[in-house]
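See below for the structure under consideration.
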Amino acid sequence: MEIGFDLGANVPSGVLALHAVIAVVFLGLAGVNGSNGELIGLGIYLAMAGMIGLVGVMAARIVARR
């Protein structure tokens, strides 16, 4: 899958990694909500994790062009 930049030791990869780490935190929070049976919290945290991951890819592509 072409994401618009090369992965490696560069700034775009760092931007993507930072967003991925934050998205994993939200996935963990979604897991906690899901295990407690709170479906609204589960949905909200899953949506936030997805949006943060998507923003990470878009921001890395923007940084790679500069």
Side-chain angles (χ1 to χ4, degrees):
M1 177 177 87
E2 179 64 34
I3 56 177
F5 61 93
D6 295 326
L7 292 175
N10 54 30
V11 175
S13 295
V15 170
L16 180 64
L18 176 66
H19 282 84
V21 167
I22 295 170
V24 167
V25 170
F26 280 101
L27 285 175
L29 291 172
V32 170
N33 278 299
S35 66
N36 289 334
E38 299 176 6
L39 295 179
I40 293 175
L42 173 68
I44 289 172
Y45 282 124
L46 284 176
M48 289 175 67
M51 286 187 284
I52 290 171
L54 182 61
V55 166
V57 171
M58 292 184 336
R61 291 185 67 180
I62 291 169
V63 169
R65 290 186 199 165
R66 293 181 180 237

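- I22 and V57 fall into different hydrophobic clusters, where Ile, Leu, Val, Met, Phe, Trp and Tyr residues are linked whenever their side-chain heavy atoms come under 4.5 Å apart, directly or through other members.
- Rounded to the nearest 0.5 Å, atoms CE (M51) and CG (L46) are 10.5 Å apart.
- The two residues H19 and V55 come nearest to each other via the heavy atoms NE2-CG1, 3.9 Å.
- A distance of 11.0 Å separates CD1 of I44 from CG of L39, quoted to the nearest 0.5 Å.
- The two atoms that bring L16 and G56 nearest to each other are CD1-C, 3.9 Å, heavy atoms only.
- Smallest separation of non-hydrogen atoms from A60 and P12: CB-O, 3.4 Å.
- Y45 and I40 fall within a single hydrophobic cluster, where Ile, Leu, Val, Met, Phe, Trp and Tyr are joined by side-chain heavy atoms under 4.5 Å apart, directly or via other members.
- With hydrophobic clusters built from ILVMFWY side chains whose heavy atoms lie under 4.5 angstrom apart, L29 shares a cluster with L18.
- The nearest pair of heavy atoms linking N10 to S13 is OD1-OG, 2.8 Å.
- Of all the heavy atoms in V15 and A59, the pair that sits closest is CG1-CB, 3.8 Å.
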